[in-house]
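Scroll down for the structure; my scribbles are underneath it.
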Amino acid sequence: MNINTVNSFNNVKYVNFTKNSASAKKTGNNGIQHDAENPISKPLEQLDVVKASLIAGLGFGAKAVCEIVFDDTTIIEDAFNAGQKLANKNYKNVQHSGKKFALGLASSAAIIIGVIGVLAGLYAAFNAPKSMYKGKVNAHKKAEEMDVYLASNRIEQDLYKQVDNAAKEAQTQEELEKARQQYTVLKMAKNEMPSFVNNK
């Protein structure tokens, strides 16, 4: 009796970040070994934390400027006057009063944004050591999760190959049905990628 094999048992996509061997390891700066295919980078994680710190710093700077302005409204007038002086100094050839006034407003806004930027930079610099440490911790946690995923991924791939071979070598309908059941179980227990990968 000719038994048709189950097709596409192995038609499953796997994440392979490099072509390194499964047993290869890479050692980080802290001496901890991770899978050579692990794409998690400590500098990139630290950069993410620093960027978040800068964004938080911009919020801090904007809030500080708003509170100062509410406490002392003359600061708005000072910024406006400074902007008009800058416009008069830098755009002497502009004769139209409306255009010069608009340039003055733009200069005033640039002054305020500059102050917010300086405050944001100071905030980020103050938090830099904490940001660097947090980046290291994040990188270590993510690298460990990715190590587990990659190892499980290889095991899953090997199991799919075994089931596929069992289906191709099946001599009876019972053996083929058993291979089908094993394939179904494998699909239900699929190795999920770490949540931080799915969130990006």
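In this text, all values refer to a predicted model and were calculated from it rather than measured experimentally. These values consider heavy atoms only, across backbone and side chains, with no hydrogens, waters or symmetry-generated copies.
Contact between Glu192 and Tyr149 at its shortest, heavy atoms only, is O-CD1, 3.4 Å. What you find for Ile111 and Ala82 is that their closest heavy atoms are CD1-CB, 3.7 Å. Taking every heavy atom of both residues into account, Met146 and Pro194 meet most closely at CE-CG, 4.3 Å.
Within the 4.5 Å cutoff, no side-chain heavy atoms of Tyr123 are placed close to those of Leu119. The shortest side-chain heavy-atom distance between Arg180 and Val163 does not fall under the 4.5 Å cut-off.
Ser108 contributes atom OG, which lies 11.0 Å from atom CD1 of Ile113 (distance to the nearest 0.5 angstrom). How far SG of Cys66 is from CD1 of Ile112: 9.5 Å, rounded to the nearest 0.5 Å. Here the straight-line distance linking atom CG of Leu47 with atom CE of Met132 works out to 8.0 Å at 0.5 Å rounding. We find the NZ-NZ distance between Lys136 and Lys141 to be 15.5 Å, quoted to the nearest 0.5 Å. Rounding to the nearest 0.5 angstrom, the gap separating the OG atom in Ser53 from the CZ atom in Phe60 is 11.0 Å. Once rounded to the nearest 0.5 Å, the distance linking OG of Ser107 with CG of Asn81 reads 12.5 Å.
Criterion: ILVMFWY side-chain heavy atoms under 4.5 Å apart, direct or through other members. Under it, Ile55 and Val50 are not part of a common hydrophobic cluster. Transitive grouping of hydrophobic side chains (ILVMFWY, heavy atoms separated by less than 4.5 Å) keeps Leu186 and Val148 in distinct clusters. Note on Leu54 and Val49: separate hydrophobic clusters, where clusters join Ile, Leu, Val, Met, Phe, Trp and Tyr whose side-chain heavy atoms are under 4.5 Å apart, directly or indirectly.
Between the side chain of Asn165 and the backbone N or O of Lys161, at least one donor-acceptor pair lies under 3.5 Å. Gln171 places a side-chain N or O within donor-acceptor distance of the main-chain N or O of Glu169, the cut-off being under 3.5 Å.
Comment: Glu175 does not engage Lys178 in a salt bridge, judged by the lack of any side-chain N to carboxylate O separation of less than 4.0 angstrom. Between Arg154 and Asp158, none of the side-chain N atoms (NZ, or NE/NH1/NH2) sits under 4.0 Å from a carboxylate O, so this pair counts as no salt bridge.
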*Stepwise, does the salt bridge (charged side-chain N to carboxylate O under 4.0 Å, His left out) test hold for Glu145 with Lys142?*
CA-CA 5 Å; Glu145 279 188 59; Lys142 288 183 178 181; over 6 Å; no
